[in-house]
Protein chains: 2
Amino acid sequence: MVKSPRAKGPRTVTRATINDVAREANVAIKTVSRVLNNEANVRPATRERVLHAIKALNYSPNLAARGLAGSKSFLIGLLYDNPSPHYMNGVQIGALARCRAEGFHLLVEVCTPETKNVTQQILTMIAQTRVDGVILTPPVSDNEAVLEALRRDGMPYVAIAPPKLSDVPLCVHMDDLRAAYDMTTYLLKLGHRRIGFIKGHPQHGAASLRYNGYREALSDHGIKFERTLVKQGYFSFESGVDCANAILQGSALPTAIFAANDDMAAGAMAVAHQRGLSIPGDLSIAGFDDTPVASLTWPGLTTIRQPIVEMAAGAADLLLATIKERHHAGTPAVALARRFQHEIVLRASTAVPRT
Amino acid sequence: MVKSPRAKGPRTVTRATINDVAREANVAIKTVSRVLNNEANVRPATRERVLHAIKALNYSPNLAARGLAGSKSFLIGLLYDNPSPHYMNGVQIGALARCRAEGFHLLVEVCTPETKNVTQQILTMIAQTRVDGVILTPPVSDNEAVLEALRRDGMPYVAIAPPKLSDVPLCVHMDDLRAAYDMTTYLLKLGHRRIGFIKGHPQHGAASLRYNGYREALSDHGIKFERTLVKQGYFSFESGVDCANAILQGSALPTAIFAANDDMAAGAMAVAHQRGLSIPGDLSIAGFDDTPVASLTWPGLTTIRQPIVEMAAGAADLLLATIKERHHAGTPAVALARRFQHEIVLRASTAVPRT
DNA sequence: CCAATGTGTGACAGCGTTGTCAACAAACAG
DNA sequence: CTGTTTGTTGACAACGCTGTCACACATTGG
């Protein structure tokens, strides 16, 4: 391992190259490469020798060179434009775990909505970095133009919670309708008969699914739907406050309010406190998402947990599998959608209604 | 632009290379390279011609090739191990903005604390990806072994909020002591004389600074410090609940409680609600960090905003400047610490005490 | 007017890896 | 025992770019 004559700057250590390993193990560099890539047809003894040399020299392959020579860059792009830190954090944790396990690295890129040409921006990123695949989070996963561009480019991608499953070859998602249905059913089983609902942002696909879940549950249990118990919110705390105030202004009060996300549920809670309604004694409140705020309210908020981390990990799995398969055979994988199970998290904000 | 004979897989588009651009502009590839890297000694007319060809072919340089040939990878590593989504999100947004602006990409890596050898893990990452520099967030920025390894390796790095400024060549930070001092002073100015304090996690460097700020402010305003008004918390909601209960159990109640972070302040709020104390009428409550929860409580929480995004952007700036300079001259930059200004965010949880 | 010094440009050799293909040994079928 | 397949290895040429150096052509000072 000789210091390269082109070395520059104050780097203090020299790194072993595949050449050094080959020399150490007394094989050709190609053989080292084979071991590195887990290719077949290397005698176990030889493989062992190479592995030993690798460890001895503390060698790790140069990604740039691998990317240049081969076709894989061992880079996965994570495209995001999500206002919710909690959501993105979960996605990153999940995706990162799988990528690392498979020897891939995660490149994150924000797609600011104000950017004129998100599509071009993404394509440029791909051209530069030669990522092996990309993970799309909502609302980027909703962007038709982006999806089309990726398809055109032949870039493997997986969408997290896309609005229409049929649009994408690979995706992971959760059954928002079913989750809302379950939560509503849970409230009904507790004995609630008048359940208010605060709708989510009208442009958010999942929001209407949640509302539909609520309606279906009511109808399936023979409860008459009451228009006055439903208000249009926008996923914000403030809209939750407004809606809760509107709902609680009526003459026939509900005994429970189900909000389409936790922030709005927190707003409803604030209103209840303000009006002197005890939770859950006078009013049960349920949220959706299990964001950190759900455990920081008093009382703790009953809500629905989306398995974000697991979903992201699943997304990464799907993507990595496709990348490997493609590299192996060149055949595109069939469309695959993996559904993840939600979970009702029971905290102290819901209970049997006072009669 | 001929399709490479080594092309493989279902890629549907071929990308222009520097060769294509050179041919198009009728210059040598080296000249294109010069234009790409903004080198001197290219006649304006030639530069223009090259730029035109680049645009015409929609060319963007291959990072892997650049990294392999030159010494820069145009990759910045973001090392993190932060339990707070809000914090990490801010850091990423800030860092990403600057990196993109300078043509760099962001590679994120988690350092799970349970991992046996964080240092080795980081070094391997560096060896593989050849990042040009790394950004360290707390608590990784506290890890002596990691810092030492990076120094040894000659890898430029910048630390966000390191415990000791002198330890690192490059860092950004905020004056936690001063911030707590200011908040305490604000409460004193409102007329509060008995102010409770909930301390942060004893192992967190910033936590003790915040406590010191509280003490200094009291002492500077001639207020006697009372041991019973201070409790040891752990940054969690639950510890906030416990501490607030303990503080409010005494005979002489405080008129305000200042918690070392927002989660604990939320806990204190819950306790106040539970005890029937009105906020801010009977009890003012202040937090620290301005996490999303501060706007989701009722009433809104008065707290201190750390300019996370700006700090991260500043960190990226510092790092990128160093990288460029180093590449230019090979001389290491002098140690640089940039301090950022905090800001008191006034919401509804604090007011003049009832007499 | 000549040497000495810039400028602008290009030829060419790497950078550290993988793909291709050939060489050879061992195992197998006829 | 021969011809063929299968398994194992290596030589060598890419991959797309940058560093080095050389060269042609101004420009300058004596």
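Chain letters run A, B, ... following the sequence lines, proteins first, then strands; residues in each count from 1.
- Between B:Asn19 and the phosphate of D:dG16, there is no side-chain N or O to OP1/OP2 separation shorter than 4.0 Å.
- Among the protein residues, B:Tyr59 comes within range of the sugar-phosphate backbone only, with heavy atoms under 4.0 Å from sugar or phosphate atoms but none that close to a base.
- Between B:His105 and A:Glu109, the side chains place a donor N or O and an acceptor N or O closer than 3.5 Å (distance only, hydrogens not considered).
- Toward the 5′ end of DNA chain C lies the nearest nucleotide of B:Arg47, the other residue of the pair B:Leu68 and B:Arg47 mapping further downstream.
- One can place CZ of A:Arg23 at 14 Å from P of D:dG10, the figure rounded to the nearest angstrom.
- The CZ atom of A:Phe74 sits 19 Å away from the P atom of D:dC15 (whole-angstrom rounding).
- If you take CD of B:Glu39 and C1' of C:dG8, they are 12 Å apart, rounded to a whole angstrom.
- For D:dT9, one of the phosphate oxygens OP1 or OP2 lies less than 4.0 angstrom from a side-chain nitrogen or oxygen of A:Thr46.
- For D:dT9, neither phosphate oxygen OP1 nor OP2 lies less than 4.0 angstrom from any side-chain nitrogen or oxygen of A:Thr31.
- In the model, A:Arg34 has no side-chain atom that pairs as donor or acceptor with a side-chain atom of A:Asn41 under 3.5 Å.
- Proximity of B:Arg43 to the phosphate of C:dT7: no side-chain N or O atom is located under 4.0 Å from OP1 or OP2.
- For a distance-only test at 3.5 Å, the side chain of A:Arg34 qualifies as a donor-acceptor partner of the base of D:dG10.
- The interatomic distance linking B:Gln128 (CD) with C:dG16 (P) rounds to 16 Å, in whole Å.
- If you check D:dT18, C:dT18, C:dT9 against the side chain of B:Val42, the one that comes closest is C:dT9.
- Contact annotation: A:Asn41 side-chain N/O to D:dT8 OP1/OP2 distance is under 4.0 Å.
- Residue B:Asn62 places its side chain closer to D:dC17 than to any other of C:dT17, D:dC17, D:dA11.
- If B:Val27 and B:Ala65 are placed on DNA chain C by their nearest nucleotide, the residue sitting closer to the 5' end is B:Val27.
- Using a 4.0 Å cut-off between charged nitrogen and carboxylate oxygen, B:Glu102 and B:Lys324 count as a salt-bridge pair.
- Computed from coordinates, the B:Leu63 CG to D:dC15 P distance equals 19 Å when rounded to whole Å.
- A donor-acceptor pair under 3.5 Å is formed between the side chain of B:Arg49 and the backbone N or O of B:Ala25.
- The interatomic distance linking A:Asn26 (CG) with D:dT8 (P) rounds to 19 Å, in whole Å.
- A:Arg66 places its CZ atom 18 Å from the P atom of D:dG16, with the value rounded to the nearest Å.
- Here the side chain of A:Asp132 pairs a donor or acceptor atom with the backbone of A:Phe74 at under 3.5 angstrom.
- Computed from coordinates, the B:Asn37 CG to D:dG19 P distance equals 7 Å when rounded to whole Å.
- With hydrogens and angles ignored, the 3.5 Å screen pairs no side-chain donor or acceptor of B:Ser73 with any backbone N or O of B:Gly67.
- At the heavy-atom level, B:Val32 lies nowhere under 4.0 Å from the strands shown.
- With D:dC17, C:dA11, C:dT18 as the candidates, the nucleotide lying closest to the side chain of B:Lys30 is C:dA11.
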